[in-house]
Amino acid sequence: MTPPPPTATASIGRHYDDLDRLRRLNPMYDAVIDEIDGRMIRIGDQWLADFASCNYLGFDLDPEIMDAVEPMVRRWGTHPSWSRLLGNPRPYVEIEERLTELLGAPDTLVLPTISHIHSTVIPLLAGQGTVLMDGQAHKTIYDGCSIARGRGATLVRFPANDPWALEQELRLTAPGAPRVVCMDGVNSMTGNVPDLATFAHICREYDALLYVDDAHGFGVIGDSPDAAHPYGLRGNSIVRHVGESYDNVVLVGGFSKAYSSLLAFLALPTELKNFLKVAAPTYLYSGPSPTASLATVLAGFDVNATRGEAIRADLHDKTARVISTVNALGLYTPNASGLPIVELPLTRAEDIDEVGNFLFARGVYVTLAAYPLVPRSQVGFRVQVTAANTHEEITHLCDVLRELCQRFDMAAAVPDSL
Ligand SMILES: Cc1ncc(COP(=O)(O)O)c(C=O)c1O
């Protein structure tokens with residue numbers, strides 16, 4: 001019998017079948033969180049320790065930051081509603097001034113989300129020139145680069161985290177037209193910090209603009225790392241962390257991870273900021289962040305200034321406990337930085353459903369890194385530690401990881417001697 005002809009929608013989204021199966025069948029995806037208690041979450045009858053949060057500094061649960069919301073909402077209403085071009089409540093100005101000082105940048109521009117920024121700013125920077133994209137750049141960067149290509153830019157991918165391969169590509173592009181190099185700062189999968197100094201040096205040599213998304217670094221890494229402060233000071237992001245300048249560098253970051261708020265930023269020269277104010281649709285048309293977000297960003301700056309170093313030290317120690325357990329178990333993780341993103345690949349990608357169920361049943365909530373979010377060879381799960389996770393939760397996670405290794409084949413660490 002001939003099969004029925006496909007309907008108009010039947011062929012849409014086949015690429016996402018694996019993920020859709022997990023979404024339908026695995027409790028770790030598309031879950032409804034019924035209640036939270038600190039970093040414990042309740043899904044139905046099950047309480048779980050949450051290791052899938054990106055609220056690295058625990059600002060979402062900080063009473064001082066919570067207290068800042070109501071007074072500002074009383075003063076400014078719940079939502080400004082003007083697009084930024086039409087009207088900027090004064091807190092925007094304060095946020096940009098304080099952020100510029102924190103980052104040590106020439107200027108800053110805040111917009112609702114990083115995704116908005118990539119999709120509107122990358123095409124404007126690239127024009128009819130060339131976008132050179134790191135092979136493992138975040139999907140939202142990839143989307144921005146694809147839009148740039150659709151508007152006439154040439155898109156070139158260079159091997160992930162390889163500045164010398166980038167240099168080869170830059171040699172091949174004609175000078176004159178814009179050249180924009182797009183990459184991640186702290187990598188959202190591996191937790192590692194790229195060799196930004198070499199990338200910046202090469203970009204300056206070829207008069208290219210280095211556009212870096214440090215969504216996961218802002219708030220966590222900063223100035224002058226040393227043995228006493230392994231993450232560095234002030235959480236002022238990757239450019240300061242590696243001791244670089246902002247010459248030829250546009251830094252993008254967000255408040256939706258470490259700062260637990262809904263706002264994002266570009267650190268850039270004032271000239272470029274003024275261009276974006278008239279050209280970037282997200283400045284011209286998008287609804288702005290709610291007043292509560294502006295309030296939590298400003299209060300976040302205060303807490304960062306007074307307690308930030310202690311919070312980062314605590315986050316570092318809690319992460320170190322997880323990583324030392326991973327190492328003692330002989331598991332492979334790409335994390336070589338000690339930052340709070342610990343990816344644990346599986347030997348067999350098809351185990352992901354069962355691993356998700358196992359962790360859920362043991363009360364541990366993680367991010368499942370399933371295909372096509374990652375290549376099949378990297379399927380596994382990711383543990384993200386936040387300062388709001390308790391030591392008891394970390395102990396429980398480590399116990400569950402020990403048990404997990406007995407039940408499933410996890411990718412093994414390669415011994416140093418090999
Ligand atoms: C590297 C990176 N960039 C951008 C985003 C998206 O940020 P936003 O929520 O501000 O759009 C994420 C979030 O997953 C991310 O990991």
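Counting starts at 1 for both ligands and their atoms, following the listed order.
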Query raised in the report: How many angstroms lie between CG in Asp213 and CG in Asp134, if you round to the nearest 0.5 Å?
Result: 11.5 Å
Query - His118 N/O under 3.5 Å from ligand 1 N/O - result: no
Query raised in the report: For ligand 1, which part of Thr140 has a heavy atom less than 4.0 Å away: the side chain, the backbone, both, or neither?
Result: side chain
Report summary line: For Lys257, the ligand 1 atoms with a heavy-atom partner under 4.0 Å come out as 12 (C), 13 (C), 14 (O), 15 (C), 16 (O)
Query raised in the report: With a 4.5 Å heavy-atom cut-off, do Thr386 and Pro340 have their side chains touching?
Result: no
Query raised in the report: Are Tyr365 and Phe51 close enough that their ring centers fall under 6.0 Å?
Result: no
Query raised in the report: N/O of His116 under 3.5 Å from N/O of ligand 1, yes or no?
Result: no
Query raised in the report: Looking only at protein heavy atoms, which one is nearest to atom 5 (C) of ligand 1, and how far off is it?
Result: His138 CE1, 3.7 Å
Query raised in the report: Would you say Gly254 touches ligand 1, if touching means a heavy atom closer than 4.0 Å?
Result: no
**Report entry** N or O contact, Ala215 vs ligand 1, cut-off under 3.5 Å
**Finding:** no
Requested in this report: State whether the shortest distance between N or O atoms of Asp184 and N or O atoms of ligand 1 falls below 3.5 angstrom.
Outcome: no
**Report entry** Ligand-side contact atoms (ligand 1) for residue partner Ser256, heavy atom cut-off under 4.0 Å
**Finding:** 9 (O), 10 (O)
Report summary line: Looking only at protein heavy atoms, what sits closest to atom 16 (O) of ligand 1 is His216 NE2, 2.7 Å
Requested in this report: Could you tell me whether Asp62 and Arg307 have a side-chain N and a carboxylate O separated by less than 4.0 Å?
Outcome: yes
Query raised in the report: After noting the C-alpha distance and the side-chain angles of Tyr206 and Glu167, does the key distance pass the side-chain hydrogen bond (donor to acceptor under 3.5 Å, both in side chains) rule?
Result: CA-CA 8 Å; Tyr206 287 85; Glu167 186 178 27; 3.1 Å; yes
Report task. Examine the proximity of ligand 1 to Asp213 and report which part, side chain or backbone, both or neither, has a heavy atom under 4.0 Å away. Result -> side chain
Report summary line: At under 4.0 Å between heavy atoms, what of Ser188 touches ligand 1? The answer is side chain
Query raised in the report: What is the closest protein heavy atom to atom 7 (O) of ligand 1, and at what distance does it sit?
Result: Ile114 CB, 3.6 Å
Query raised in the report: Considering only the protein, which heavy-atom contact is closest to atom 11 (O) of ligand 1, and what is its distance?
Result: Ser115 OG, 2.6 Å
Report task. Give a yes or no on whether a salt bridge exists between Arg39 and Glu393, defined as a side-chain N under 4.0 angstrom from a carboxylate O. Result -> no
**Report entry** Side-chain ion pair, Glu309 and Arg312, N-O less than 4.0 Å
**Finding:** yes
Query - Note, Val252 side chain near Asp214 side chain (heavy atom, < 4.5 Å) - result: no
Query raised in the report: Parallel, tilted or perpendicular for Tyr259 and Phe59, by the 30°/60° rule?
Result: perpendicular
